[in-house]
J.: 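Before I ask anything, let me first share the structure, which is written out below as structure tokens.
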Amino acid sequence: MNGGSFVLNILILGVPFSVALLLAGLGETINQRAGVFNLGCEGIMAMGAFVAFLPPYFLAGTSLAGSANLIGLALAMVVGTVLGLLFALVVVTFRAPQGIAGIGLQMLGWGIAGTLFRHYVGGVTGVPGIAPMPIPVLSKIPVLGQVLFNHNPLVYIAFLLVPVFWYILFKTPWGLKVRAVGTYPRAADSLGIRVARVRYQALALGGAMAGLAGAYLSLAQAKMFADDLVAGRGFIAVALVYFGRWHPVGVMLGALLFSLAQALQLSIQVAGIDFPYEFAVMLPYVLVIVVLALVRKARMVGPTELGKPFDREQRV
Amino acid sequence: MGHEPIRSLELRGITKRFPGILACDHIDLSVGEYSVRALVGENGAGKTTLMNILMGLYQPDEGHILINGKEVRFRSPNDAFDHGIGMVHQHFMLVQNMTVVENVALGMKSAHLPFRLDLASVRKKIVEVSERHELPVNPDAMVWQLSVGEQQRVELVKTLCLGARFLILDEPTSALTPQETDELIALLSKMSGELSIVFISHKLHEVKALSDTVSILRRGRIVFEGRTENHSPSELAALMTGHEVELPRVDSTGLDRSGDRGLLSIRDLRVRGDRGNLALDGVTLEIAPGEIIGLAGVSGNGQRELAEALNGLRRPESGSINLDGVELAGSSASRIIAEGMGYIPEDRNTEGIVPSFSVRENLVLKDIGQRDWSRGGFLRLGAIAANAAGLRERFDIRCPSTDTAAGSLSGGNIQKVILARELARGPKALVAVYPTRGLDMGAEEFIHKQLLARRAEGVAILLISEELEEIMNLSDRVAVIYKGKILKVVPGRDATKRSLGLLMAGVSDE
Amino acid sequence: KSKVKIALIIESTVDDKGWGQAMHDAIVAVQKKYGESLVEYNYSEKMKPVDAGSAARQYASRGFDIIIAHGAQFKNLILELSEEFPKTTFAFGTNADVGPRNVFTYMPMSEETGYINGVIAGMVTKTGIIGVVGPVDAGDSARYNRGFWLGVKSVNPKADIKVAHTGSFADYVKAGELAQTQIKAGADVLTGAAQQATGALRAVAEYKDKPIWWLGQDTLQLSIPESFKVIAAASYDYAPVIEAMIDKRQVGTLGGENIPMTFKNGGFIFKYNDKVGTVLTAAIRKAADKARADITAQTLKIDWQPVKY
Amino acid sequence: MNKSFKFAYNAAIVVAAAAAAMGIGAIVLAAVGANIGKAYLVILTEPLKDMIGITEIVVRAIPLSLIALGIAIAFRSGILNIGAEGQMMMGILASSATAIALPDLPRPLLVPLAILAGAAGGALWGGIAGVLKARLGVNEILSTVMLNYIAAQFYTFLLRGPMMDPEELVMGSGTPQTVRIPRGAWLDRILPGTRLHTGAFIALGLALVVFFLLWRTSAGFRMRAAGAEAKAARYAGVSVERYLIIAMLLSGALAGIAGSVEILGVHRRAIEGVTGGYGFTGIVVALFGGLHPAGIIPASLFFGLLLLGADMTQRLADVPANMVLVLQGAIILAIVSARQFMNNPYAQDKAARLLSRLFGKPEPPAPPGSIEACPDPSDSVDPCLAGEPQEATR
Ligand SMILES: Nc1ncnc2c1ncn2[C@@H]1O[C@H](COP(=O)(O)OP(=O)(O)OP(=O)(O)O)[C@@H](O)[C@H]1O
Ligand SMILES: Nc1ncnc2c1ncn2[C@@H]1O[C@H](COP(=O)(O)OP(=O)(O)OP(=O)(O)O)[C@@H](O)[C@H]1O
Ligand SMILES: [Mg+2]
Ligand SMILES: [Mg+2]
């Protein structure tokens with residue numbers, strides 16, 4: 001194998017690997033921009049992965065089999081939304097500390113997915129999943145075509161969502177409200193913005209995205225479901241939001257950096273370079289820290305009230 | 001907007017409780033068309049709470065609001081906006097990392113198109129309002145880049161852009177320079193011809209200048225209502241605090257310090273600001289023991305950088321800071337503190353105290369490593385408590401107990417905590433930045449007396465303030481800072497409002 | 001015969017299509033064979049080391065006769081408990097030691113299954129590149145991988161065997177990513193151990209119409225939809241181990257023996273998948289069968305330890 | 001508001017929270033056809049039925065409390081440390097390496113040395129996150145999440161490589177684990193027939209130490225100040241960066257000790273899976289315990305009960321193992337929600353007022369314009385009102 005195809009393979013693999021992190025990260029970006037830090041992302045992803053898997057699994061062979069994936073994706077987003085709203089109830093209405101509540105949600109989501117999976121499915125099982133959809137013409141472009149235009153539809157959707165989320169955050173009234181309630185909720189409140197409502201909406205959207213990210217894992221990437229399929233990717237998605245400094249493009253770069261590093265380390269191992277493989281496995285994690293340590297901190301970005309509950313009347 | 005303009009607005013029997021506090025106690029208040037109603041009272045009297053109820057931010061426990069004789073219920077500020085009521089809040093309600101347009105757009109529902117934020121229309125509205133009322137603002141500036149005065153203007157423009165015909169202003173001048181204050185007062189009196197205004201302030205001369213009628217609030221009750229023109233400021237002050245208020249004055253007659261060496265001497269200090277600019281460009285000042293130097297200037301001319309450099313929070317580029325013979329330029333904050341520098345910082349809530357710490361902890365915040373408060377690394381809780389009890393007594397700090405979180409105290413009491421800590425340490429020199437900002441007259445009187453007492457004990461004091469009254473009352477000498485340079489130093493007794501005002505604007509009379 | 005109560009403690013789950021399920025299925029099979037009236041069975045899954053300690057103690061104090069802690073990480077725990085409960089039979093593996101008098105140990109010699117799969121892989125590959133999706137380079141999967149390596153080399157010395165690890169036993173997604181990486185690098189036959197292998201097999205199954213194949217380390221892989229890619233699979237059969245323990249206990253031997261698992265003593269099963277069609281040629285069958293026969297007859301010794309990949 | 005009302009209020013909240021948590025659990029239990037009542041009975045009572053159960057609760061509480069103490073230090077200093085898992089692993093490595101390297105050292109030396117080594121290992125790992133944050137501004141959530149994964153790989157690398165039990169190689173079983181820790185380094189078991197070990201005293205002792213450190217020493221005072229309001233602390237001459245690093249070192253050290261104690265007292269060799277979720281549950285315990293040692297100890301026991309009881313349900317009530325997570329998650333969500341109401345005077349006030357409105361009892365008037373505890377003496381007569389002609393403006 002020559003160097004060119006080595007690099008090309010890393011790019012071809014790394015792009016789809018990044019999608020789950022990207023989808024969840026975009027949702028988490030909205031959450032955090034609105035001032036809520038949702039560590040429960042991991043649990044929502046587990047539930048999303050599980051419910052998305054159900055329609056293809058149970059509808060196989062029926063007349064609905066053709067649209068089973070779509071039903072699965074929709075279901076994952078609905079369940080994600082519901083869990084996002086549950087989280088909102090706990091941290092916005094009940095003002096619970098967000099870190100601990102997030103861990104609770106993570107356990108709850110993982111637990112429910114695992115329990116129901118055991119009872120209703122019973123064992124690790126594959127599904128046909130979402131097929132690749134090369135984009136006509138574009139996929140024929142040398143190199144670029146393979147790297148960018150030869151994937152399953154969710155990959156395109158995820159990357160198209162980056163500008164969409166950028167637009168939502170910075171160009172729409174709702175995005176403005178989201179940013180305001182995450183930075184200075186009291187000011188937003190004084191202008192008649194319903195802080196709690198905006199946070200509920202943000203968490204619902206974030207939940208839907210985390211659900212979709214989980215669905216990507218079970219339907220498009222692994223094409224199967226198993227207990228703990230998510231295996232920590234939700235936590236990484238949350239961490240990448242800090243890496244991306246609460247900007248959709250930054251989060252995309254973070255997800256790509258992580259996933260390309262992942263593809264790189266796997267490729268290094270596969271190339272048979274002789275050193276303990278554990279150090280290869282560490283590579284993406286180390287790289288993310290190093291890159292973040294090297295870039296300079298920008299002033300005044302991000303939600304300064306992140307993690308703090310808001311109540312109009314209560315002080316301190 | 002859909003509602004007829006407000007001809008009369010009435011609050012009836014408004015009562016609001018917070019845990020353990022009756023903030024508003026059956027308050028009746030009415031405001032007519034095109035009139036200015038001043039609302040004054042001590043810190044914590046309930047002024048802000050009452051206005052928040054009028055804005056629909058708080059729900060009253062009892063009582064109701066009548067507009068043009070009809071009862072209304074405000075569930076959120078939107079309801080108040082719909083009736084044309086707008087408020088400039090006591091603390092800035094501006095999102096720092098957004099632009100001015102975005103801040104205004106947040107409240108302008110007409111710009112909230114289904115899939116797009118119509119910033120162009122907001123910008124147009126801002127330009128229109130700012131031209132009409134002569135309130136220049138740059139719509140595309142980020143809020144954090146603006147000076148305090150500019151931010152105050154943005155607040156006003158924002159409120160007007162939202163269509164306010166009935167304006168509530170909660171201490172709008174407390175952070176403004178004298179010029180800015182005068183301009184604002186002039187502007188408001190012009191505007192009062194077409195709007196109704198409720199004006200809250202601790203500065204009674206402003207109240208006199210602007211308002212038609214005045215209400216005085218004490219402990220949640222209206223204790224006085226009358227026409228402003230019938231009462232002098234000192235009368236009002238007495239009504240407010242329950243006693244005659246007389247702000248003390250420094251007496252530096254007969255003192256000649258030309259031969260004294262400086263206790264705190266600053267030479268040719270150069271310091272960079274947050275944006276890399278040279279915020280202090282060769283400042284030289286000598287402060288003798290027992291001398292108060294007032295540093296007058298429009299905020300943003302290097303005052304913050306000077307205070308921070310003096311206290312080791314900002315590293316000078318060059319120059320020297322000498323305290324009682326010890327060179328301190330570039331030293332750490334802890335070393336400077338140990339050498340006997342005292343500091344009353346600008347932002348009392350996040351720089352002066354740790355809000356969640358108790359009063360007694362805050363009182364030893366700077367000296368916890370000293371033998372008095374810890375031995376062998378272990379705290380001497382008894383001594384710390386006794387210290388707090390003593391200082392509470394001496395400085396009249398009003399708190400349920402010295403174990404109370406300092407952050408829950410009123411602004412005035414927080415300032416007293418800071419003052420008590422800084423003065424009880426027995427500093428050689430003291431840097432006091434805007435020490436009475438936002439405080440009522442009683443508290444102001446107290447703090448001024450304390451500063452003078454320290455002066456008498458030989459402390460060198462640098463008083464940074466925008467209140468010319470305060471500066472002239474307290475300073476032996478007044479230095480004027482402009483664009484990072486000291487323009488002039490004049491003896492306190494020669495300083496006049498006019499001459500200082502000109503200097504602050506950069507007009508040097510030489 | 002008197003009634004015997006068996007308890008199983010595993011760190012993964014009983015449906016993991018791998019390590020845990022192999023043991024669970026075996027016990028259930030033995031239970032069926034002996035009758036539920038004779039064999040009572042209870043299991044605890046997802047047992048972290050500390051939980052395993054509580055569960056094992058609980059089982060022991062509730063009168064379970066045979067307590068199997070299925071994993072070498074439970075070694076200390078079992079050694080400790082065996083002293084406290086001298087009348088209870090304990091078992092754990094993989095371990096090649098002979099335990100105390102009431103402890104059985106068992107040791108799957110999984111290089112044997114690896115070798116046979118390797119022979120097949122070495123003959124099937126067209127590209128000459130073979131991928132091994134390892135979990136962690138330790139325990140029985142390390143043995144399997146090395147046996148596989150030797151098997152490939154025995155028939156195809158020039159083959160390029162790409163061994164790589166995910167660093168986790170249960171990260172199915174990452175195993176899939178690794179398999180894809182190997183396929184992109186030219187591998188046309190893959191194998192892998194531990195429960196994560198299902199993730200890799202699922203990735204192989206994506207290449208529906210391409211000649212890319214899988215060799216299974218678990219015969220359960222022959223009965224799932226992805227089986228059309230599985231040429232053959234070997235797996236552990238713990239049933240003889242369980243039966244041996246029950247039988248020995250009935251005659252008063254509570255432990256103190258090591259039970260190796262080999263083709264010879266029926267510890268492994270091996271199955272071809274006839275559904276894969278022509279890729280499984282007669283020549284391949286012949287070579288694999290010969291290897292199996294030699295291993296069973298112990299004329300072929302697999303010296304896996306020096307293998308470096 | 002009187003005491004009995006406050007009590008009834010708090011009790012009502014606790015009941016509501018418990019009902020909510022159990023309700024969520026019950027839905028899932030019903031969905032998988034399990035016996036709901038039995039499952040709850042097992043969780044709450046089974047572990048308490050015998051000595052083994054009770055001691056097993058403590059066995060879990062030991063590492064949980066140690067980790068939570070560390071997390072409390074970090075939190076109080078303004079850092080959300082979610083890296084306890086990795087710090088614990090590094091503690092295990094350092095501690096077992098030390099014990100194995102010095103088997104002949106006398107017991108009174110070896111035990112403390114091994115534990116100190118564990119502390120050092122954890123401190124190193126925590127310190128990295130501390131330095132990254134203090135010097136380079138790397139968010140600690142990002143760095144600690146990443147460091148957990150790095151530690152996990154390093155852990156297996158050592159256990160299957162340089163630190164592997166040579167016998168595993170000889171025998172060919174190749175399990176990633178060290179040799180047995182020499183006896184001289186073991187923490188004693190306190191009760192025969194149980195696994196309760198002297199690590200319990202270490203945890204209690206360190207709880208005291210942490211309490212003293214945070215609330216009785218000047219270093220702790222500065223750490224708390226830096227955490228509560230970094231700016232004010234900096235203005236008061238506290239070197240915030242330095243204390244941030246110190247806090248992370250200590251936080252990591254405690255997690256390292258948790259790992260060390262778990263190995264020396266329970267497993268007696270470094271094996272895989274020891275940390276298994278303690279790092280995350282430790283965060284929950286720390287916050288449950290109000291970030292205070294006096295709360296952390298009971299909270300760790302409560303979670304010990306919960307973990308053990310929920311775990312028993314799969315054996316005794318035929319509930320899938322994942323149900324443990326469901327119940328834990330539901331309980332955490334319910335209790336953190338409830339806590340906000342319990343300590344909240346605003347909510348209490350509202351409830352009291354609602355009640356009095358419903359039942360028509362007149363509410364006691366609050367003292368006008370002042371804090372209850374701090375009445376102003378000049379309040380009684382209003383000197384300004386005397387003689388002042390009141391004008392009404394209309
Ligand atoms: N959200 C709140 N929670 C608890 N107490 C409050 C709250 N808001 C106001 N208070 C209390 O109610 C009283 C009235 O406060 P308010 O802010 O209205 O005073 P103020 O007259 O505006 O004082 P200042 O002149 O200092 O602005 C004070 O005792 C204050 O502490
Ligand atoms: N959360 C609270 N709970 C109880 N009492 C409070 C609380 N906050 C403030 N107080 C009390 O209320 C009174 C006034 O508080 P308040 O904060 O309104 O003062 P302030 O001077 O307006 O402050 P600022 O200058 O910040 O506006 C004080 O007596 C204070 O002790
Ligand atoms: Mg106030
Ligand atoms: Mg106020």
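Here is how names work: the chains are called A, B, and so on, in the same order as the sequence lines, proteins then strands, and each is numbered from 1. Note that the structure is predicted; figures quoted are calculated from it, not measured.
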J.: Run the side-chain contact (heavy atoms from CB on, under 4.5 Å) test against A/P163 and tell me which residues pass, sequence neighbours left out.
T.: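 Counting only residues at least two positions away or on another chain, A/P163 forms no side-chain contact (heavy atoms from CB on, under 4.5 Å).
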J.: Using non-hydrogen atoms only, which part of A/K177 is less than 4.5 Å away from chain B: side chain, backbone, both, or neither?
T.: both
J.: Measure distances from B/N52 to the heavy atoms of chain A and classify the residue's part below 4.5 Å as side chain, backbone, both or neither.
T.: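 Answer is neither: B/N52 stays 4.5 Å or more from chain A.
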J.: So, taking the atom named CE in B/M108 and the one named CG in A/L191, what distance separates them when rounded to the nearest 0.5 Å?
T.: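 Reported value, rounded in 0.5 Å steps: 11.5 Å.
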J.: Please find the pair of heavy atoms, one from A/A180 and one from B/V95, that lie closest to each other, and give the distance.
T.: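 Result for this residue pair: CB-CG2, 4.1 Å.
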J.: For the pair A/Y167 (side chain) and B/F115 (backbone), establish whether a donor and an acceptor sit closer than 3.5 Å, ignoring hydrogens and angles.
T.: yes
J.: Return the minimal non-hydrogen interatomic distance between A/Y184 and B/F92, and the atom names on each side.
T.: OH-O, 2.6 Å
J.: Measure B/H112 against the heavy atoms of chain A and call it side chain, backbone, both or neither at under 4.5 Å.
T.: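 Interface part for B/H112: both.
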J.: Throw together a table of side-chain donor-acceptor distances under 3.5 angstrom for residues 22-29 of chain A, partners on residues two or more places apart or in other chains.
T.:
from  : atom 1 : to    : atom 2 : distance (Å)
A/E28 : OE2    : A/Q32 : NE2    : 2.9
A/E28 : OE2    : A/N38 : N      : 2.9
A/T29 : OG1    : A/G25 : O      : 2.6

J.: Taking ring-ring contact (aromatic ring centres under 6.0 Å, His included) as the test, write out the residues that go with B/F199, two or more places apart.
T.: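 Here no residue qualifies.
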J.: Could you tell me which of A/P173, A/S190, A/G192, A/A187 has the largest number of non-hydrogen atom pairs under 4.5 Å with chain B?
T.: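 Most heavy-atom pairs under 4.5 Å with chain B: A/P173.
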J.: Identify which part of B/M55 has an atom lying under 4.5 Å from any heavy atom of chain A, answering side chain, backbone, both or neither.
T.: neither
J.: Hey, mind stepping through B/L117 and A/K171 against side chain to side chain contact (heavy atoms under 4.5 Å, CB included) and telling me if it holds?
T.: CA-CA 6 Å; B/L117 188 61; A/K171 298 291 164 195; 5.8 Å; no
J.: Determine whether a donor-acceptor pair (N or O, by modelled atom type, separation under 3.5 Å) exists between the side chain of A/R312 and the backbone of B/L57.
T.: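 Yes, because the side chain of A/R312 sits within donor-acceptor range (under 3.5 Å) of the backbone of B/L57.
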J.: Which of residues 73-82 of chain A get closer than 4.5 angstrom to chain B, counting heavy atoms alone?
T.: none
J.: I'd like to verify something: which residue of B/H89, B/R116, B/K109 has the highest number of heavy-atom pairs under 4.5 Å with chain A?
T.: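 Most heavy-atom pairs within the cutoff with chain A belong to B/R116.
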J.: So which of B/L119, B/L106, B/D118, B/N78 has the biggest tally of heavy-atom pairs under 4.5 Å with chain A?
T.: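 Ranked by contacts with chain A, first place is B/L106.
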J.: What residue in B/A111, B/P114, B/A80, B/G107 has the most heavy-atom pairs under 4.5 Å with chain A?
T.: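 Looking at each option in turn, the highest pair count goes to B/G107.
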